[in-house]
Each structure stands twice: as structure tokens, then as C-alpha cells.
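First the structure, in the form of C-alpha cells, and then the observations on it.
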Amino acid sequence: MASSHETPKKPDERPGKSLLDRSYLVEIGKGLANTFMHMIGGSQTVQYPERTIYDYSERERAIGHENPRSRGEHILVEDELGREKCVACLLCMAACPAVCIFIEPEAAPEDWKDRDRRPKTFEIDMLRCIYCGYCEEACPCDAIRLTPKPYTVTTSREERIYDKERLLKNNPGYQTPQRPKK
Amino acid sequence: MGILITLLVAVAVAVALLQVVPLLVYGERKISAWIQDRDGPNRVHLTIKGVPIMPKGLMQPLADAIKLMFKEDMVPTKADRFLFMLAPVIAVVPNAAAFCVIPFGDNWVIASMGLDVNLQVSNANAGILVTLALSSLAVYALAFGGWAANSKFPLMGGLRATAQIISYEIALGLALISVLLTAGTLDLQEIVHQQAHNFTDWNMFKQPLAFFILLVAAFAENNRLPFDLPEAESELVGGYHTEYSGLKFSMFFMGEYLAMVSMSGVIVTLFMGGWSLPGIIDPGSLSFFHGPATVLCFVVKMAAVLFFYIWVRWTLPRFRYDQLMNIGWKKLIPLALLNIGVTALVLAS
């Protein structure tokens with residue numbers, strides 16, 4: 001059987017040892033092309049603190065979105081007419097083990113045919129909330145939901161108490177899809 | 001009247017050069033950010049009564065400048081105070097002055113006022129030598145700054161700067177010689193005129209090897225990556241300007257960018273047809289718009305070269321010191337000599 005030894009290559013035939021390889025011109029060109037493609041490829045930055053990776057608009061990053069059932073900050077759901085769905089039944093307030101929800105009901109306007117009451121104030125004290133999700137379970141109208149957004153940056157305790165407007169606008173992507181009434 | 005016009009042009013160039021530096025810093029930060037898939041400075045902006053004057057991010061250079069101005073200006077106890085103060089000045093002045101012989105436009109004929117403005121601060125008949133002399137003076141800033149601080153890292157930086165710039169100046173000069181051989185003149189305005197009629201007349205295509213060598217040597221001259229060994233943040237903290245702070249540091253910074261601007265001016269003038277654009281902007285037009293058009297053309301070409309500077313900086317890693325010396329002495333200088341020999345032979349035959 002013939003020897004399978006390969007003849008040793010001359011120095012110039014070894015990979016990376018030719019004159020062209022050692023001048024690095026080709027590789028520098030490749031590097032420049034690579035950085036140029038990155039230059040026109042768009043940015044990966046999330047404009048924190050205006051936006052966070054937990055926002056609905058950033059869900060394609062799949063950071064903080066692995067589990068859609070993870071429980072974060074609440075959102076008050078709007079109906080098709082842009083009104084809050086909440087009918088101020090106070091069931092969430094009763095279900096809350098941390099006593100962080102405060103609702104003051106008032107009579108709904110005359111032309112709101114589908115309900116008698118609506119919340120005048122709807123406040124959640126995010127410092128007390130334990131993100132258990134009982135409010136979401138208690139709600140008969142799918143008016144309150146927990147989104148995957150775990151936190152929002154604030155600079156004072158007062159800002160941690162979210163009022164109705166704040167809750168309606170919190171992480172607006174999770175308004176959709178509208179779930180059917182229970 | 002002639003002196004007044006020259007003075008006006010000189011002041012305009014000086015002001016423009018100082019304005020280019022912050023823009024260049026902004027551009028560098030933006031382009032580096034894009035290369036690294038970031039956004040770059042996008043917060044600092046100027047809005048007066050709800051009207052956005054400057055878009056987001058563009059005020060960043062001003063913010064940086066103000067920050068540097070209000071920083072404490074420290075001088076190390078054992079520093080040589082005179083040289084320590086002198087070095088930042090040397091870093092700025094020669095690099096800015098190097099621009100004075102570069103023609104950034106054709107003669108601007110303003111017929112209504114009977115003026116013929118030479119868009120060049122000084123038409124020295126050996127202009128390119130003046131630029132070379134002034135830009136090599138700038139190494140004194142690095143050497144003085146490194147030595148005067150009386151500290152180990154700046155000293156290393158200063159030493160490296162001296163050795164590096166001396167080695168690459170030879171390659172730079174030799175590459176220029178072959179171009180000057182084909183041009184047959186040292187007058188920069190004349191060199192531009194020679195390249196003004198055809199794209200194939202550009203020295204970039206007539207002398208590709210010289211262009212390449214000059215480009216590499218220019219990177220080394222300006223201490224830009226991949227040749228930024230005098231600064232080498234990862235080894236020498238900040239190199240020659242480690243001990244500098246506040247405005248003195250910012251003057252080093254400015255000097256570095258001014259050197260880039262001047263060098264790109266030289267490259268554009270010698271290799272890329274200067275202010276001319278064959279077929280579109282031809283020399284000798286008497287139209288009022290001819291002057292501004294040539295200046296615009298020159299600025300765009302310069303911006304392209306500066307973009308290339310920045311692009312390369314954020315692509316390549318730094319060379320090791322022995323690699324730097326190898327490339328300079330063993331590769332670029334023999335190549336440049338070969339290029340001169342071949343050019344001379346072709347011209348003589």
C-alpha cells in the first residue's frame with residue numbers, strides 16, 4: 001500500500017502565507033465592507049427611558065417577552081369607542097391582596113347605554129402592588145390587564161401612583177387584541 | 001484692495017477651519033455609532049420658543065466644548081510649565097496653517113464689483129513644501145507634550161509619536177515625489193488645472209501606488225487608527241495628552257482633527273482633482289456661481305476623504321509597534337522608491 005503521506009507544502013502554499021494574504025489588503029477590504037453594511041443597517045438602540053425593551057413596539061427583540069403571561073404593569077383597556085371598559089364594579093379592588101387599587105365610581109353619562117357606572121378615579125399604587133394578577137382574574141369585563149412591562153422609571157413616589165389616564169396609556173400595544181367578554 | 005481681499009479670504013478660511021472641527025467630531029461620533037449599530041448623540045438640541053433651531057444631537061459638540069472649558073485646568077507639579085503650555089498651541093497652529101496654500105477654489109470672478117478673488121490664502125510657488133513643513137512641525141506638540149508632563153505614559157506617547165512621524169514622513173515625501181514628477185510643478189493650483197479635464201487625468205488613477213502609500217502614510221502622520229500608537233488608550237492611558245485637561249486637552253483634540261482636514265485637503269488637491277469636476281466644473285469660467293461651485297466641490301471631496309478616515313478608524317484594530325515600523329521602513333519606503341524609479345523611467349522614455 002502506497003504511503004499516504006502528503007508531500008510537505010512549500011511555505012508559500014500554506015494558507016495565509018501568500019503575498020496577497022500577508023498584505024492583508026483583501027481582508028481589510030472585507031472589513032471595510034462589513035462595517036459599511038453595519039453603517040447602513042440601522043440601529044439596535046432602544047431610546048431609554050422614553051421606551052424600554054418591554055414595550056409592545058419592541059416585542060420583536062424577544063427580550064422580556066419570552067413569556068406572554070409574565071405579569072408586569074397594568075393597563076386599563078379601552079373599548080371600540082375609546083372609552084375605558086371598566087364599569088366600576090370594584091371587584092378588582094376587593095380581590096387585591098395588597099390593597100393598592102382605589103376606585104371612586106360615578107354615574108356613567110346618559111348616552112352610555114351599556115353601563116350604569118364608570119370610574120371617576122382609578123388609581124393603582126405601584127409601590128404596593130405585588131403583581132399577583134388577581135385583579136385581572138377578578139375583572140368581569142376584561143377592563144384591566146397585566147402587561148409584560150415590569151417597571152417604569154419615575155423620579156418621585158407620587159409618580160408611582162398611576163391614575164386613570166396613565167393606566168389607559170400604559171404600554172398601549174397591549175390594548176389589542178380585544179378579548180371577548182367573559 | 002488686493003491685500004484686503006487676501007485678508008478676507010484668510011479670515012474666512014480660519015473661521016471655516018475652526019467650524020469644521022466640531023462638525024468632524026460630531027461626524028466621527030455619528031459614523032462610529034452607525035458602524036456599531038448605535039444611534040450616536042441624539043439628545044442635545046437647540047429649541048427657541050418651540051422652534052427647533054438645531055436638530056437633535058447637533059448641539060453635542062457645543063456641549064462638549066462648554067464642558068471642556070469649565071473643567072479644571074491642571075498642571076502636574078513637576079511639569080515643565082513653559083513647554084507644557086506651549087505644546088497645545090503648537091498642536092493647533094501649524095496644522096491649521098498647513099491649509100493656507102491649498103487651493104480650495106478656482107479664481108472667483110465677481111464681474112459686478114470688478115473683482116477677481118483667488119480662492120487660496122497664499123499661492124506660494126512651492127506650496128506643497130509649505131504644507132509638508134508645517135504639518136511635520138506638529139510633531140513637536142506631541143514630543144513637547146509628552147516630555148513636559150514629566151510622567152511615564154506621556155513620555156512613551158511622545159517617543160512613539162516622534163519615531164512614527166519621522167518614519168512615515170519619508171514614505172509620504174517619496175510618494176509625493178512621484179506625483180510631482182508626473183505633474184512637473186510644485187504649484188498646487190497648476191496641479192489642479194492639469195487634472196481638471198478628464199477623470200483619467202486624476203493622479204489617483206495615474207499614480208495608484210503613490211496614492212495608496214500617501215493614504216497609509218497620512219493615517220500614520222495624523223495618528224489615526226490603525227496607527228494611533230502615540231495615543232493608544234489601552235496601553236498608554238491617553239499617550240502624550242494623558243496629563244492634559246480642560247481647554248489644553250481640547251486644543252490637542254482640535255489639532256488632531258485640523259491635521260486630518262489639512263491632510264485631506266492635500267490628498268484631494270494632489271490626487272482627486274482638487275476643486276474641479278471634469279465635464280461639470282471646468283476651470284476658467286467667468287460665471288458668478290463658478291467660485292462657490294468650486295468651493296462646494298472641494299468641500300464634498302474633502303468630506304469623502306474624511307469619511308474614509310473615520311470609516312477606517314472604526315474598522316481596523318491598532319498595529320503593534322514593531323509592525324508599524326516594519327510597514328513603514330520595509331514596505332512603504334521601498335515601494336515608494338520603486339514607484340519613483342518606474343515613474344522616472346516612463347517619463348524619460
Side-chain angles (χ1 to χ4, degrees), chain A residues 10-66 149 151-156 159 165 169 171-173, chain B residues 26-45 55-57 60 171 208-209 211-213 215-216 219-220 224-227 303-320 322-324 326-328 330-336 338:
Chain A
K10 288 177 192 167
D12 281 1
E13 289 170 356
R14 281 180 290 156
K17 291 291 177 185
S18 69
L19 189 62
L20 189 66
D21 284 345
R22 278 186 298 146
S23 76
Y24 286 101
L25 288 179
V26 179
E27 298 302 318
I28 287 174
K30 280 185 194 166
L32 287 172
N34 186 12
T35 45
F36 191 81
M37 293 319 284
H38 275 275
M39 207 184 306
I40 57 178
S43 139
Q44 297 288 321
T45 309
V46 179
Q47 290 301 328
Y48 191 84
E50 287 86 6
R51 297 167 83 178
T52 70
I53 52 168
Y54 304 105
D55 287 353
Y56 191 75
S57 56
E58 308 291 334
R59 68 193 181 286
E60 278 168 18
R61 296 174 189 278
I63 306 169
H65 293 273
E66 293 90 352
K149 185 183 186 181
Y151 66 94
T152 303
V153 179
T154 52
T155 50
S156 68
E159 285 173 82
E165 284 71 35
K169 290 192 184 67
N171 219 353
Chain B
Y26 175 75
E28 172 125 40
R29 291 184 62 177
K30 265 302 197 199
I31 291 170
S32 68
W34 292 334
I35 285 177
Q36 297 169 352
D37 294 342
R38 295 182 285 117
D39 278 345
N42 64 350
R43 297 275 161 168
V44 194
H45 58 106
K56 289 193 169 179
Q60 187 68 46
L209 189 58
F211 179 63
F212 175 74
I213 293 169
L215 208 57
V216 176
F219 277 62
R224 293 285 293 183
L225 262 149
F227 302 107
V305 175
L306 289 170
F307 170 77
F308 186 70
Y309 261 95
I310 295 172
W311 182 17
V312 168
R313 169 172 178 181
W314 295 96
T315 302
L316 300 181
R318 187 182 304 125
F319 281 115
R320 223 167 46 217
D322 59 322
Q323 292 172 329
L324 171 96
N326 262 333
I327 294 169
K330 291 189 188 165
K331 309 277 160 34
L332 288 185
I333 292 175
L335 269 180
L338 182 77

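No experiment lies behind these values; they were computed from the predicted model shown. The chains referred to below are lettered A, B, ... by the order of the sequence lines, with proteins before strands, and numbering in each begins at 1.
Heavy atoms of Leu316(B) lying under 4.5 Å from chain A belong exclusively to its side chain.
By a heavy-atom distance cut of under 4.5 Å, Gly42(A), Ser43(A), Gln44(A), Thr45(A), Gln47(A) are the residues of residues 40-47 of chain A near chain B, going up by number.
The environment of Phe307(B) atom CZ is dense: over 12 non-hydrogen atoms of other residues, nucleotides or ligands sit within 6.0 angstrom. Dense packing is recorded around NZ of Lys331(B), with more than 12 heavy atoms of other residues, nucleotides or ligands lying under 6.0 Å away.
No hydrogens or angles considered: a donor-acceptor pair under 3.5 Å links the side chains of Thr35(A) and Trp311(B). A donor and an acceptor atom, one from each side chain of Gln36(B) and Ser32(B), are nowhere located under 3.5 Å apart.
Summarising the geometry, atom CD1 belonging to Ile310(B) is positioned 11.5 Å from atom OG1 belonging to Thr315(B); distances are rounded to the nearest 0.5 Å.
In this structure, Gln323(B) contributes its side chain and Arg320(B) its backbone to a donor-acceptor pair below 3.5 Å.
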